[in-house]
Amino acid sequence: MIEPHWQAYWRDHATYEVDNDDPRPRSYVLSMYPYPSGAAHMGHVRNYTFGDLLTRYRTMRGDAVLSPMGFDSFGLPAENAAIRTGRHPREFTEERIEELRSSITRIGGVYDWRRTVRSHDPDYIRWTQWLFLRMLEAGLVYRRDATVNWCPGCQTVLANEQVVDGVCDRSGDPVERRDLEQWYFRITDYAQQLLDDLDDVDWPERVITQQRNWIGRSEGAEFEMEVVDADGVPVTRDGEPVAFRVFTTRPDTSYGMTFCVLAPEHPLVDVVTTDDRRADVEAFVTRARGTSEIDRLSTERNLAERGCATGAYARNPFTGRPVPIHLADYVLASYGTGAVMAVPGEDQRDWEFATVFGLPIVETVQRPQGWDGEAYAGDGGHVNSPGALGAAPGAPDLNGMDVVTAKAAAVDWLASSGSGERRVNYRLRDWLLSRQRFWGCPIPVVYCDACGIVAVPDDQLPVLAPDDVEFTPTGQSPLRSHDGFLNTTCPDCGGPARRETDTMDTFVDSSWYYLRFCDPWSTDRPFSLDAVRAWMPVDQYIGGAEHAVLHLMYARFFTKALSDLGLVPAALREPFQHLFTQGMIRLDGVKMSKSKGNLVAPEQIIDTLGADALRLAHLQVKPPEDDVDWEDVGLEGCAKFLHRVWRLAVPGGPVVTSVRAGEPTPVDVAVERARHRLVEDISVTFDRWAYNVSVARYMAFVNELYRYVQSDEGPHRATLDDAVDTLLQLLSPACPHISAELWWRRSEARDDASARGAHIHETPWPVADPSMLVEETVTLIVQVNGKVRDRIEVHAGADEADCVAAAQASEKVRVHLGVDPPRKVIARPPKLVNFVV
RNA sequence: GCCCGGGUGGCGGAAUGGCAGACGCGGCGGACUCAAAAUCCGCUGUCCGAAAGGGCGUGUGGGUUCAAGUCCCACCCCGGGCACCA
């Protein structure tokens, strides 16, 4: 078999290993490092084919291409397997890594394996922990008690990003809410930068939109509301006035606020509730807190059950009048201030709530003519601002202003009166990073009764989990049950202390692996500044779009944070310059995946048809970004095509039986032109990731060469040799093995001994001669009234007069022209003439 | 509901406003063969026609243009994302 031979060749010759001081222009091509689940599946094949093609193409173009590969080797599947089988997850994982590595190699993927990383290696753990501690020192990591998402299936908490429609994105279990103290990354500090810098990356619009939505910036105002009784007398507690703040995006409608709403978890609920309402409020709060995320998100539920009056009032600062305080489960404690003003006139949900609870509705924006809706959210002149509900002393007159103007005036007044200010909120929440699982990177802190939370000193890293741990999930970290691990001494005071037993979300590991690839040999830092400067940012990142708000957001956050900490260059603000998200593979309409059990094994196809055919079929089947139905993948056609190439190109092959010497004839020149055309087309289609078109061009060219070879005249030796050589070079990024083999055999068969033993992947990418791209003759399209009536071969230099004359000379055209002279003649020499009659 | 994509032969899909359907699959025919496979060559949108040739044709309806799959407007369908975030 030729494929193992060349795979060994690339390995033994270090063809795709690059050093950090390589003088060539640098290029960093990276495919998302995989979770090692065993042998590669079709999704891997598709993914790595694109990346490998790019690595080989750019190498031939003269770049030093950094093309590393590693393994995202922490995670739940290995731990669950360990629970089932009793084997240690490390054993299990390392076996699967080797399986995956070998099958990636069998696909023909070439990587600088010296640089490989595995998340679970002690060396990698050490640096993950080291980075965690730097972020802890910088205040970017903190611990807090909050209501969190708990997945009962995975027996761990989840980040917000891992909850989709109220269920765990991994196991599909409905997520529960629990109040727990957990570790967080302060990703919200970077919300604005994460939003702004999306302008600086070349990513699919879909992914950018998802990130924008996820960050969810909204502009508005925040202001204080004083708690009062029904008569407007301030309520006090311990002699202090009681107040809370509300966030709104529509401060301009404040005069229309007829009530306000607190989240059930709001800290003032107990304080403000009047005695006659207390029983109802407590029942409501208990029920709301017990409602699962998925039910709370459901819009099907009866609105009357979703809210509750507290009996308390708060003063609307604009009118100076008290408005009732309600509770509603749709007001989220974790967003804004956990309290909102309600303006039923201009907000549909408030309108519905007011209707159900019998609260007044005041319109503060003039409805357009013919408006028959309920709440009106559009623009218009303000009314009732102030109006029926009155005005507090000094409150602004917004009447007649449009929405934008009135917003500004309202905010200005809030600011000048000291009760509020302009405010921007984000939907993005801090990243919950701790997990109650075993197979992850331990969080390197200890709890000391005397000193509190203490970081493990750098020289004691890595903190590694012991091997003899009971994995069975209990809802607590497995490490907690291991006394030897749990009990330690405080690094500060030397007294007794307990270790943190939670581990990190595996997305922490993947948030910096691309930096380690730049400098995997570094022993005193996770990576040196110089090495990162040499390679980052990643020029081309390749992976699945399912990571749009997970890995891709977290990695961006890490890059910015590390940049601010001086651990990567200050100018490095974005890790991935270009992102390509390839489509998934379906079988019988459902995603092909191990968990669905509907895999087609790539290994089997490689055994029978070869890796090159498999790669070519993946390139051919569809545009790379599209989802693929496996049924559409034309393996046989691609295998057949490669056989055609083989028979044409192999020395002594059956297709070329005689060749002609001497001067090239016009037929030979046409083939030579086609060769240059192919160079141009393949380069262009590669550059725009239109690989399915590239494959069509290969096939069309080979068809043309077959016709050439079998023509009566026969092929001209030098022309044919050049054509085939160029074809092999252009094909070599896509089908590296067969191209290398044929190139080598052809070099061996040459008279010139110095050409022998040649390696195609070390040859420079062919360049088209622009003069050869201009055809000598072109097909002139002759239209009458826009309909094609004839096609005439004309000289490429034909001018308008030549073209019109040639067109008019055509019998087919004359039939349609009639006797009258054409009303108008449109000429685009030498390609088109259109007669309008 | 809002925001993106996208609707082209039997199928996957090509096509800087200028020959619609490249290339592949499938199908049909021919060559080679005792035969089959493999291989090679050709045909293959649709309707009318014996043919030459012509009509129609890129989700639907309008528009711009000498010329529209491509640009504009409205609508229909499919896919994806967001959706009590105040």
Side-chain angles (χ1 to χ4, degrees), chain A residues 164-165 204-214 216-218 220-222 246-250 253 260-261 263 296-299 301 303 306 328-332 334-343 346-350 352-353 425-429 545 548-549 616-617 620-623 625-629 631-638 640-641 643-644 647 654-655 681 685 690 692-703 706-707 709-710 779-791 812 815-816 822-828 831-837:
Chain A
V164 177
D165 294 333
E205 201 50 50
R206 261 175 355 115
V207 177
I208 289 188
T209 306
Q210 275 188 68
Q211 293 217 347
R212 286 218 172 94
N213 287 341
W214 190 257
R217 180 193 155 98
S218 69
E222 194 178 298
V246 294
F247 172 71
T248 177
T249 55
R250 293 295 303 274
T253 63
C260 58
V261 188
R296 222 162 136 160
L297 282 172
S298 162
T299 48
R301 291 166 59 225
L303 202 56
R306 307 194 55 193
D329 66 359
Y330 60 75
V331 175
L332 308 175
S334 55
Y335 182 77
T337 59
V340 299
M341 71 176 201
V343 183
E346 279 77 37
D347 182 286
Q348 183 63 26
R349 192 195 44 217
D350 292 345
E352 288 166 14
F353 194 92
N425 266 322
Y426 302 90
R427 210 185 73 116
L428 182 72
R429 306 294 152 82
V549 294
L616 195 68
Q620 183 212 25
V621 61
K622 270 200 173 196
E625 63 274 20
D626 286 6
D627 288 346
V628 170
D629 288 306
E631 295 83 349
D632 294 331
V633 176
L635 280 170
E636 292 79 8
C638 289
K640 199 168 101 180
F641 165 76
H643 282 126
R644 268 166 85 80
R647 286 191 298 272
V655 178
D681 286 353
T685 53
N692 54 330
V693 183
S694 313
V695 176
R697 299 284 185 264
Y698 293 140
M699 290 176 166
F701 187 66
V702 169
N703 290 345
Y706 265 71
R707 283 191 293 270
V709 166
Q710 293 172 3
T779 306
L780 174 72
I781 306 303
V782 186
Q783 299 176 332
V784 177
N785 287 339
K787 281 191 197 302
V788 178
R789 294 306 179 186
D790 200 4
R791 303 172 170 94
K812 290 177 187 170
V815 171
H816 293 277
R823 208 149 49 83
K824 200 168 173 185
V825 179
I826 312 288
R828 293 282 178 277
K831 286 168 70 177
L832 179 129
V833 173
N834 186 13
F835 295 105
V836 186
V837 295

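Model, not experiment: these values are computed from the prediction. Within every chain, numbering begins at 1; the chains are lettered A, B, ... in the order of the sequence lines, protein sequences first and strands thereafter.
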At what distance, to the nearest 0.5 angstrom, does [atom1] of [X] lie from [atom2] of [Y]?
{"X": "A:Arg647", "Y": "A:His643", "atom1": "CZ", "atom2": "NE2", "result": "7.0 Å"}
{"X": "A:Asp627", "Y": "A:Lys622", "atom1": "CG", "atom2": "NZ", "result": "7.0 Å"}
{"X": "A:Arg789", "Y": "A:Ile781", "atom1": "CZ", "atom2": "CD1", "result": "13.5 Å"}
{"X": "A:Leu635", "Y": "A:Leu616", "atom1": "CG", "atom2": "CG", "result": "10.0 Å"}
{"X": "A:Thr209", "Y": "A:Arg206", "atom1": "OG1", "atom2": "CZ", "result": "9.5 Å"}
{"X": "A:Glu222", "Y": "A:Asn425", "atom1": "CD", "atom2": "CG", "result": "7.0 Å"}

Determine whether the side chains of A:Ser334 and A:Arg429 contain a donor N or O and an acceptor N or O closer than 3.5 Å.
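Looking only at side-chain atoms, A:Arg429 and A:Ser334 do form a donor-acceptor pair, the distance falling under 3.5 Å.
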Distance-minimising heavy-atom pair for A:Val331 and A:Ala263:
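So the two residues come closest at O-CB, 3.2 Å.
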What are the two closest non-hydrogen atoms of A:Ala617 and A:Val633, and how far apart are they?
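Looking at all heavy atoms of both residues, the closest pair is CB-CG1, 3.6 Å.
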Just to verify, what does A:Arg217 make a salt bridge (Lys or Arg N to Asp or Glu O under 4.0 Å) with, not counting sequence neighbours?
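Per chain and number, A:Arg217 pairs via salt bridge (Lys or Arg N to Asp or Glu O under 4.0 Å) with A:Glu219.
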How many Å lie between [atom1] on [X] and [atom2] on [N], as a whole number?
{"X": "A:Tyr426", "N": "B:A86", "atom1": "OH", "atom2": "P", "value": "13 Å"}
{"X": "A:Arg427", "N": "B:C82", "atom1": "CZ", "atom2": "P", "value": "8 Å"}
{"X": "A:Asp681", "N": "B:A15", "atom1": "CG", "atom2": "P", "value": "11 Å"}
{"X": "A:Arg791", "N": "B:C19", "atom1": "CZ", "atom2": "C1'", "value": "5 Å"}
{"X": "A:Leu832", "N": "B:A68", "atom1": "CG", "atom2": "P", "value": "12 Å"}
{"X": "A:Lys831", "N": "B:G17", "atom1": "NZ", "atom2": "P", "value": "11 Å"}
{"X": "A:Glu352", "N": "B:G1", "atom1": "CD", "atom2": "C1'", "value": "12 Å"}
{"X": "A:Gln783", "N": "B:A67", "atom1": "CD", "atom2": "C1'", "value": "6 Å"}

When rounded to the nearest Å, what value does the distance between [atom1] atoms of [N] and [M] take?
{"N": "B:A50", "M": "B:G59", "atom1": "C1'", "answer": "37 Å"}
{"N": "B:G49", "M": "B:G12", "atom1": "P", "answer": "31 Å"}
{"N": "B:A83", "M": "B:C2", "atom1": "C1'", "answer": "8 Å"}
{"N": "B:A22", "M": "B:C76", "atom1": "C1'", "answer": "30 Å"}
{"N": "B:G21", "M": "B:G45", "atom1": "P", "answer": "9 Å"}
{"N": "B:G81", "M": "B:C73", "atom1": "P", "answer": "27 Å"}
{"N": "B:G62", "M": "B:G57", "atom1": "P", "answer": "12 Å"}
{"N": "B:A74", "M": "B:G79", "atom1": "C1'", "answer": "22 Å"}

Evaluate the criterion side chain to side chain contact (heavy atoms under 4.5 Å, CB included) for residue pair A:Gln620 and A:Met699; output intermediate values, then yes/no.
CA-CA 11 Å; A:Gln620 183 212 25; A:Met699 290 176 166; 4.0 Å; yes
Check against side chain to side chain contact (heavy atoms under 4.5 Å, CB included), A:Thr253 and A:Met341:
CA-CA 10 Å; A:Thr253 63; A:Met341 71 176 201; 3.8 Å; yes
Take the angle between the ring planes of A:Tyr335 and A:Phe247 and call it parallel below 30°, perpendicular above 60°, tilted in between.
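A:Tyr335 and A:Phe247: perpendicular rings.
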On RNA chain B, check which nucleotide each of A:Glu636 and A:Phe247 is closest to and give me the residue with the more 5' one.
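With A:Glu636 and A:Phe247 compared, the 5'-side residue is A:Glu636.
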5' precedence on RNA chain B between A:Thr337 and A:Val695 (nearest-nucleotide basis):
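Looking at RNA chain B, the more 5' nearest nucleotide goes with A:Val695.
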When you check every protein heavy atom under 4.0 Å of nucleotides 2-7 of chain B, what one-letter string (B, S, -) results, 5' to 3'?
------
Letter per nucleotide, 5' to 3', of nucleotides 38-55 of chain B [B base touched, S only sugar-phosphate touched, - untouched; heavy atoms, 4.0 Å]
-SSSS-----------SS
Under the rule syn = chi within 90° of 0, otherwise anti, which is B:G9?
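Chi for B:G9 falls in the syn range.
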Produce the list of close N/O pairs, under 3.5 Å, pairing protein atoms with atoms of nucleotides 10-14 of chain B; give distances to one decimal.
| from | atom 1 | to | atom 2 | distance (Å) |
| --- | --- | --- | --- | --- |
| B:G12 | O2' | A:Val621 | O | 2.8 |
| B:G13 | OP1 | A:Lys622 | NZ | 2.6 |
| B:G13 | O3' | A:Asn692 | ND2 | 3.3 |
| B:A14 | OP1 | A:Asn692 | ND2 | 3.2 |

Give a yes or no answer on whether the side chain of A:Tyr706 reaches the backbone of A:Arg644 with a donor-acceptor pair at less than 3.5 Å.
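Yes, because the side chain of A:Tyr706 sits within donor-acceptor range (under 3.5 Å) of the backbone of A:Arg644.
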Using modelled atom types and a 3.5 Å cut-off, is there a donor and acceptor pairing between side-chain atoms of A:Asp347 and backbone atoms of A:Ala342?
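No.
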Might you list the N or O atoms of the protein lying below 3.5 Å from N or O atoms in nucleotides 61-65 of chain B, with each pair's distance?
none

Using the side chain to side chain contact (heavy atoms under 4.5 Å, CB included) rule, take A:Val836 and A:Arg823 through it: C-alpha gap first, then chi angles, then the decisive distance, then the call.
CA-CA 6 Å; A:Val836 186; A:Arg823 208 149 49 83; 3.7 Å; yes
Derivation of the side chain to side chain contact (heavy atoms under 4.5 Å, CB included) call for A:Arg791 and A:Leu780:
CA-CA 6 Å; A:Arg791 303 172 170 94; A:Leu780 174 72; over 6 Å; no
Just N and O in the side chain of A:Tyr330: are any of them under 4.0 Å from OP1 or OP2 of B:C85?
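Negative; the distance criterion is not met.
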Determine the contact category for A:Ser218: base if any of its heavy atoms lies under 4.0 Å from a base atom, sugar-phosphate if only primed atoms, P, OP1 or OP2 are that close, otherwise nothing.
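Sugar-phosphate contact only.
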Tell me what A:Gly637 touches on the nucleic acid: a base, only sugar-phosphate, or nothing, going by heavy atoms under 4.0 Å.
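If one applies the 4.0 Å heavy-atom cut-off, A:Gly637 turns out to touch the sugar-phosphate alone, with no base involved.
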Out of B:C23, B:G18, B:A86, which has the shortest distance to the side chain of A:Thr249?
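For the A:Thr249 side chain, the nearest candidate turns out to be B:A86.
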Got a minute to check which stems RNA chain B is part of, using Watson-Crick or G-U wobble pairs under 3.5 Å, three or more consecutive?
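If one scans RNA chain B for consecutive Watson-Crick or G-U pairs, the stems found are B:1-7 with B:76-82, B:10-12 with B:23-25, B:26-31 with B:39-44, B:45-48 with B:53-56, B:59-63 with B:71-75.
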